[in-house]
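Keep in mind that the numbers below use all heavy atoms, side chains included, and drop hydrogens, waters and symmetry copies. On a predicted model such as this, the values are computed, not experimentally measured, just so you know. Here is the naming used below: chain letters follow the sequence lines, and residue numbers restart at 1 for every chain.
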There are 2 protein chains.
Amino acid sequence: MSITDRRQRQKEEVRTLILDAAWEMVVTEGWPSFSIRKIADAIEYSVPVIYSHFENKDAILLEFNRKGFRLLAERMEKAKSGKEYPAAQIDAMAHAYWDFAFTNYQYYQLMFGLGIPTCETARKIPEMNGFKDAVCASIEALTPAGRKASVDPFLKYQSFWSMLHGLVSINMVGNIVEKQASEHGGLAEMVLNDVIGSFIKGIVS
Amino acid sequence: MSITDRRQRQKEEVRTLILDAAWEMVVTEGWPSFSIRKIADAIEYSVPVIYSHFENKDAILLEFNRKGFRLLAERMEKAKSGKEYPAAQIDAMAHAYWDFAFTNYQYYQLMFGLGIPTCETARKIPEMNGFKDAVCASIEALTPAGRKASVDPFLKYQSFWSMLHGLVSINMVGNIVEKQASEHGGLAEMVLNDVIGSFIKGIVS
DNA sequence: GTAGCTTTGCTAACGGTGTTACAAAATATA
DNA sequence: TATATTTTGTAACACCGTTAGCAAAGCTAC
């Protein structure tokens, strides 16, 4: 009984070993050097043990994808939690989204890259709902009673997300040094505020 | 004199042969099967002749990237050309942008994917200016005389682009059949109209 | 026309990738 | 201890981008 138990435990240890080593590599060397063979080398196991934990390379990517969305949802909740007024919540979430994208840009790249490997797997991520729920709640709270009929929260949520993602990804094209330079007080933040401002205005009036 | 001339001509023929074969492959089989070896096979030349026309794989991608931006700029100009009022021009460009993204989504994927290979090369694309100029012109025309001081056209241009790109790329995650279904009259178009509406409102008032 | 030079193209290799069939080693069960 | 089972490693397959070296073809000059 305890033998299969220990084996289970050991197996999961190797699993996290794989994920940790993979993430370490992605952070230090970027996505191009994400490779099964390098992971195997790093954890000092042979290649096939990785295939006994994950069906293929994409399965590992999916894991990080889900983790990324979980993280994003957490940040949204945290950003909201301090604020009382819905408009302030939305503003805080927008800035938190921006921060998330640039401080965890390896995640962001994976989550939203139109890159080839992740497109088909995107539908397999239930964690996306956490983000959606957090944003929708604030949008509904912001909508004045008189405008409930003409404001579709889900539609506004998509607008919100689109604006943010567009802003982020356009600012990500270019190298990293520039991005960090534009992170605080630069043109990008002015655009962010501009966009959020007109978004909120579009709901309340 | 005419000998080197003919050679020049033949060399360029092979060059376009390469680009045509490559594009054919990307369209029919997607970016994952974009490979130097397959191109060589398709044009019935050996691999090194491709390297005599392009420094490496990324150079070919850069070529398509520039072509994509040229195409996008053309579409913007064409969309504007029919409309008299700046607001109508912006609306038309937004819809043209949307159409461009989904009818040429192989281009769009290359141009804006946060995918790894194209990020560093993005700065090498002068064709991006055509798009920028088309949009900025309409924004400036739309800005009321009394608001010229408080509306930065370049900032608004970035907002415009961000919103559009965000909308497009969020709708691109998922498979292609869904996208085409949502192309006309669906939720996505409502979001598009919503977003453009509040963008225009944010400039004129 | 032939000798030499230049251009052109191909073969074959190097080092890398994801993936898997199969054998060996380690472990658990009898 | 011998057998059965599970775990792990070796080595292969089929790709990939890239390049060195060599053979063939074309052009130039005598």
Side-chain angles (χ1 to χ4, degrees), chain A residues 1-19 21-23 25-26 28-65 110 115-121, chain B residues 1-19 21-23 25-26 28-65 110 115-121:
Chain A
M1 185 64 89
S2 80
I3 276 173
T4 57
D5 224 40
R6 171 181 55 80
R7 280 190 164 165
Q8 185 70 23
R9 208 169 48 236
Q10 285 181 336
K11 206 170 169 74
E12 287 202 3
E13 268 170 28
V14 173
R15 194 189 141 92
T16 60
L17 218 60
I18 291 170
L19 291 174
W23 190 246
M25 275 183 163
V26 168
T28 59
E29 301 175 53
W31 284 111
S33 63
F34 175 80
S35 116
I36 301 267
R37 293 176 119 104
K38 281 183 192 164
I39 295 169
D41 213 58
I43 64 174
E44 293 174 307
Y45 276 88
S46 71
V47 170
V49 309
I50 293 177
Y51 282 90
S52 71
H53 288 87
F54 299 94
E55 200 188 338
N56 51 32
K57 197 180 178 178
D58 285 356
I60 305 179
L61 293 179
L62 181 63
E63 202 65 28
F64 287 124
N65 230 312
L110 176 64
I116 303 99
T118 59
C119 273
E120 307 92 61
T121 62
Chain B
M1 186 65 88
S2 78
I3 277 174
T4 56
D5 225 38
R6 172 181 55 81
R7 281 191 165 165
Q8 184 71 22
R9 209 168 48 237
Q10 286 181 334
K11 207 171 168 74
E12 286 202 4
E13 269 170 27
V14 173
R15 194 190 141 93
T16 61
L17 218 60
I18 291 170
L19 290 174
W23 189 246
M25 276 183 162
V26 168
T28 59
E29 301 175 53
W31 285 110
S33 63
F34 174 81
S35 113
I36 301 268
R37 293 175 119 105
K38 281 183 191 165
I39 295 169
D41 213 57
I43 65 173
E44 293 175 306
Y45 276 89
S46 69
V47 171
V49 307
I50 294 178
Y51 282 89
S52 71
H53 289 86
F54 299 94
E55 200 188 339
N56 50 32
K57 197 181 178 179
D58 285 357
I60 305 179
L61 293 179
L62 180 64
E63 203 64 29
F64 287 125
N65 230 313
L110 177 64
I116 302 99
T118 59
C119 272
E120 307 93 61
T121 62

Counting only heavy atoms and a strict 4.0 angstrom limit, can you tell me which residues of residues 38-50 of chain A come near DNA chain C?
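Under 4.0 Å from DNA chain C: A:K38, A:V47, A:P48.
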
Rounded distance (Å) that lies between atom [atom2] of [N] and atom [atom1] of [X]:
X     : N      : atom1 : atom2 : result
A:I18 : D:dT7  : CD1   : C1'   : 14 Å
A:K57 : C:dT17 : NZ    : P     : 9 Å
B:M25 : D:dC16 : CE    : C1'   : 14 Å
B:I36 : C:dC14 : CD1   : P     : 21 Å
A:R15 : D:dT7  : CZ    : C1'   : 18 Å
B:H53 : C:dT8  : NE2   : C1'   : 11 Å
A:W31 : C:dT17 : CH2   : P     : 16 Å
A:F34 : C:dT17 : CZ    : C1'   : 13 Å

B:D58 (side chain) donor-acceptor with B:L61 (main chain) under 3.5 angstrom
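A pair under 3.5 Å: no.
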
Taking only residues two or more places apart in sequence or in another chain, which ones pass side-chain hydrogen bond (donor to acceptor under 3.5 Å, both in side chains) with A:Q10?
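If we apply the side-chain hydrogen bond (donor to acceptor under 3.5 Å, both in side chains) test to A:Q10, skipping adjacent residues, the hits are A:R6.
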
Sequence neighbours excluded, which residues qualify as side-chain hydrogen bond (donor to acceptor under 3.5 Å, both in side chains) partners of A:R15?
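A:R15 satisfies side-chain hydrogen bond (donor to acceptor under 3.5 Å, both in side chains) with A:E63 only.
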
[atom1]-[atom2] distance between [X] and [Y], expressed to the nearest 0.5 angstrom:
X     : Y     : atom1 : atom2 : answer
B:M25 : B:S35 : CE    : OG    : 7.0 Å
A:D41 : A:S46 : CG    : OG    : 11.0 Å
B:I18 : B:I39 : CD1   : CD1   : 7.5 Å

Of A:S33 and A:E55, the one whose closest DNA chain C nucleotide lies more 5':
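With A:S33 and A:E55 compared, the 5'-side residue is A:S33.
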
Side-chain donor/acceptor contact of A:R37 with base of C:dG16 under 3.5 Å:
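Flag unset: no donor-acceptor pair detected.
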
Determine which pairs satisfy ring pair (Phe, Tyr, Trp, His ring centres under 6.0 Å) with at least one residue from residues 33-58 of chain B, sequence neighbours left out, and list them in order.
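Ring pair (Phe, Tyr, Trp, His ring centres under 6.0 Å) check on residues 33-58 of chain B returns B:W31-B:F34.
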
Determine the contact category for B:F54: base if any of its heavy atoms lies under 4.0 Å from a base atom, sugar-phosphate if only primed atoms, P, OP1 or OP2 are that close, otherwise nothing.
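Nothing: the residue B:F54, judged by heavy atoms under 4.0 Å, touches no strand.
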
Is there a side-chain contact between B:S35 and the phosphate of D:dG17, meaning an N or O under 4.0 Å from OP1 or OP2?
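Yes, because at least one side-chain N or O of B:S35 sits under 4.0 Å from OP1 or OP2 of D:dG17.
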
